[in-house]
2 protein chains.
Amino acid sequence: MPPTLKDVAERAGVSRAAVSRTFTDGASVSLKMRRKVEKAATELGYSPNALASSLTTGRTKLIGLVSNNFHNPIFLEVFDLFTRGLQERGLRPLLVNLSDETDPANSIRMLRQYSVDGVVVASSTLPPGFAKAFRDAGVPVVHSFGRYASSPEVHVVGIDNAECGRMAARELVRRGYRDVAFLGGPESATSTQDRFRGFMEELAKYPEISVRHSFAEAYSFNAGRKEMLALLKDRPAEAYFCGDDVLSIGALSAIADSGLKVPGDIGIIGLNDMEMAGWENINLTTIRQPISQIIDSSIELIVSMLENPDRYPEARLFPCKVIERGTLRPVD
Amino acid sequence: MPPTLKDVAERAGVSRAAVSRTFTDGASVSLKMRRKVEKAATELGYSPNALASSLTTGRTKLIGLVSNNFHNPIFLEVFDLFTRGLQERGLRPLLVNLSDETDPANSIRMLRQYSVDGVVVASSTLPPGFAKAFRDAGVPVVHSFGRYASSPEVHVVGIDNAECGRMAARELVRRGYRDVAFLGGPESATSTQDRFRGFMEELAKYPEISVRHSFAEAYSFNAGRKEMLALLKDRPAEAYFCGDDVLSIGALSAIADSGLKVPGDIGIIGLNDMEMAGWENINLTTIRQPISQIIDSSIELIVSMLENPDRYPEARLFPCKVIERGTLRPVD
DNA sequence: TTCCATTTTGCAACCGGTTGCAAAATGGAA
DNA sequence: TTCCATTTTGCAACCGGTTGCAAAATGGAA
């Protein structure tokens with residue numbers, strides 16, 4: 001058993017309160033006392049039990065990190081950045097894998113049992129109500145990559161997906177494509193709905209351009225590939241705005257199979273700019289989502305909610321930009 | 001503030017002990033009492049504070065999941081399987097991102113502060129001493145993907161990397177390559193050292209086959225690409241056994257740049273069989289590491305150590321096998 | 001109804017910490 | 001040296017649970 005406060009107090013010949021105070025910042029302890037206690041503590045190898053202290057302080061420094069997207073390579077970056085960022089601030093990520101579950105009740109119960117100080121929901125597919133359920137349960141929550149709402153009920157940090165849709169549309173128009181299509185992620189994903197809406201909105205300005213759309217079953221390689229294989233059976237569009245990068249790569253593989261060339265015969269633009277999109281043998285033209293800013297900002301927000309749980313909800317949207325690589329034909 | 005045991009006890013008009021008992025399996029409570037308490041509990045929306053109870057039970061059901069490999073796509077599968085598996089058993093993963101840190105002291109202190117019941121170290125690059133430091137600190141630990149030692153001091157679950165090296169060598173020999181090479185991961189990674197040793201051992205049986213080796217800086221796309229670009233400046237080998245899949249893909253991209261063809265001009269065999277290796281536009285011949293078995297077994301082991309912390313250490317090794325795809329030339 | 005073995009319940013101490021309050025110690029000024 | 005404002009310290013109660021023990025309740029047999 002590891003040594004406790006009491007052990008240290010006895011060895012140092014002081015009260016338990018004194019030991020507790022030397023280990024809490026800002027508490028009143030004389031230098032002499034501190035030295036005595038620290039000596040005893042290092043001799044015993046003592047370090048305070050964070051869970052025990054959480055009982056009285058009401059802070060566990062545990063942050064629930066909830067996601068349903070463990071198979072998308074973009075989440076390597078997301079997890080890396082989140083865990084690093086939280087660690088740097090002395091917080092600890094408690095991971096919750098939602099897999100197929102979309103009812104928040106279980107996650108909420110579990111995270112409440114562990115008294116997490118806050119929750120970050122990292123998902124572009126869950127509806128706003130998911131994060132809201134945490135708020136209603138009294139748990140500070142930030143929805144990263146969530147849907148932007150003009151009157152958010154919960155903090156949202158992410159991108160303007162509709163604007164990304166418009167951006168993709170403008171990019172295709174600019175490059176002279178006249179027969180374009182949206183190959184979305186799952187139709188139930190808020191990010192796909194919004195990107196679709198923006199895409200169609202922008203293209204409505206160009207009645208001479210033909211537009212079609214379809215949806216893949218998931219943001220995944222296989223779903224993108226499958227959907228593109230189906231599309232290739234008929235006469236495909238000249239260019240596709242795909243749901244995200246991994247889906248784009250699936251589509252690219254289907255196109256390669258068919259013997260058509262990218263960008264010669266078909267253009268593809270993705271979204272995310274995950275690391276892999278820049279790999280030379282992928283070389284995907286895509287819209288960059290500023291992941292690291294989104295995550296920094298999410299952490300900053302959740303940290304500030306620890307101080308002020310009733311902080312007025314806000315939406316923080318970061319601009320995206322087109323990263324030109326090799327899957328759209330050049331302008332003119 | 002969420003309701004506590006006391007609130008439920010008051011509302012139900014019973015003792016706190018009675019409430020506690022209805023929420024702990026195997027405790028003695030009459031059906032009548034149970035009903036009364038459950039009614040009050042659901043009315044108040046009570047669920048027990050896991051951290052508070054951990055103080056007396058000595059169990060937090062928290063498992064530290066320590067890794068340093070957040071950028072390798074194989075970890076998508078690893079995280080997904082670990083989090084699911086732990087959740088299914090009522091355990092919670094507390095994630096620790098080691099990034100560049102290789103001194104266990106900080107992680108140990110932190111995980112002890114949170115009184116984790118056990119730790120899984122998931123890494124094929126950390127030396128055995130890392131996991132051992134946890135054991136020495138009295139924390140049950142399993143090293144997944146760790147180095148096999150004939151007299152392990154710590155539970156290791158993984159593969160026989162030396163045997164994988166031999167397997168790769170045999171595969172290259174079988175396909176008639178006469179000028180082969182090892183393109184390892186970082187020279188400091190135990191997995192690379194072992195694969196290298198096995199590879200050389202097997203090839204030592206064939207003096208007529210020329211063998212060379214070099215090491216990439218990391219198990220990563222960029223490192224693999226960079227190393228292969230360098231190798232291509234001189235006359236490259238006929239086939240390479242690469243450190244792992246992601247490194248292999250980097251190497252493939254370098255080869256594609258050079259205008260050489262795979263498997264026509266150069267053969268590549270990887271290791272891991274991560275999801276991406278099977279993507280049709282990657283189509284990497286590789287050695288499959290049975291990730292899901294390794295993780296199931298790791299979880300099973302750590303769970304059993306919760307009952308019996310002094311369980312005699314063992315090494316569990318799972319056989320690997322060659323998955324033939326398109327990056328080695330056919331036999332004859 | 002009485003008796004007794006068995007089951008259920010509550011009391012009170014405990015897990016490892018924190019913190020308000022009052023008492024003790026400190027230290028500078030007169 | 002005395003006095004007093006300020007700093008430091010310990011006591012004891014508390015955070016939200018669990019659990020050993022003894023007392024109370026239960027229920028079946030006689």
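Here is how names work: the chains are called A, B, and so on, in the same order as the sequence lines, proteins then strands, and each is numbered from 1. All of these numbers come straight from a predicted model, not from anything done at the bench.
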(request) Can you measure from OG1 (T83(B)) to CG (L94(A)) and round to the nearest 0.5 angstrom? (result) 11.0 Å
(request) Using heavy atoms and a sub-4.0 Å distance, could you list which residues of residues 36-56 of chain B are near DNA chain C? By number, please. (result) L55(B), T56(B)
(message) Looking at D136(A) and K132(A), is any side-chain nitrogen of the basic one under 4.0 Å from a carboxylate oxygen of the acidic one?
(response) yes
(request) Please name the residue in the list S99(A), S124(A), S123(A) that meets the side-chain hydrogen bond (donor to acceptor under 3.5 Å, both in side chains) test with N68(A). (result) S123(A)
(request) Could you identify which residues of residues 18-31 of chain B place a heavy atom less than 4.0 Å from some atom of DNA chain C, listed by residue number, or say none? (result) A18(B), R21(B), S28(B), V29(B), S30(B)
(request) Would you mind checking if R316(B) and E300(B) are paired as a salt bridge, meaning a charged N to carboxylate O distance below 4.0 Å? (result) yes
(request) Report yes if the side chains of N161(A) and Y148(A) come closer than 4.5 Å at any heavy-atom pair, otherwise no. (result) no
(request) Give a yes or no on whether the ring-centroid distance for F70(B) and F79(B) is below 6.0 angstrom. (result) yes
(request) Not counting sequence neighbours, list each pair that qualifies as a salt bridge (Lys or Arg N to Asp or Glu O under 4.0 Å) and has a residue in residues 12-23 of chain A. (result) none
(request) Using the test side-chain contact (heavy atoms from CB on, under 4.5 Å), find all partners of T56(B) that sit at least two apart in sequence or belong to another chain. (result) none
(request) Taking only Lys NZ, Arg NE, NH1 and NH2, and the carboxylate oxygens of Asp or Glu, determine whether E88(A) and R84(A) approach each other closer than 4.0 Å. (result) no
(message) Can you tell me how the ring of F75(B) sits relative to the ring of F145(B), calling it parallel under 30°, perpendicular over 60° and tilted otherwise?
(response) tilted
(message) Looking at R135(B) and E153(B), would you say the former's side chain and the latter's main chain have a donor-acceptor pair under 3.5 Å?
(response) yes
(request) Determine the stems involving DNA chain C; a stem requires 3 or more consecutive pairs of the Watson-Crick or G-U wobble kind, each with both distances below 3.5 Å, and the answer is none if no such run exists. (result) C:1-30 with D:1-30
(message) What is the first contacted nucleotide of DNA chain D and what is the last, in 5' to 3' order, if contact means an atom lying under 4.0 angstrom from a heavy atom of chain A?
(response) dT8(D) to dG16(D)
(message) Quick check for you: to the nearest 0.5 Å, what is the distance between L111(B) atom CG and D117(B) atom CG?
(response) 11.5 Å
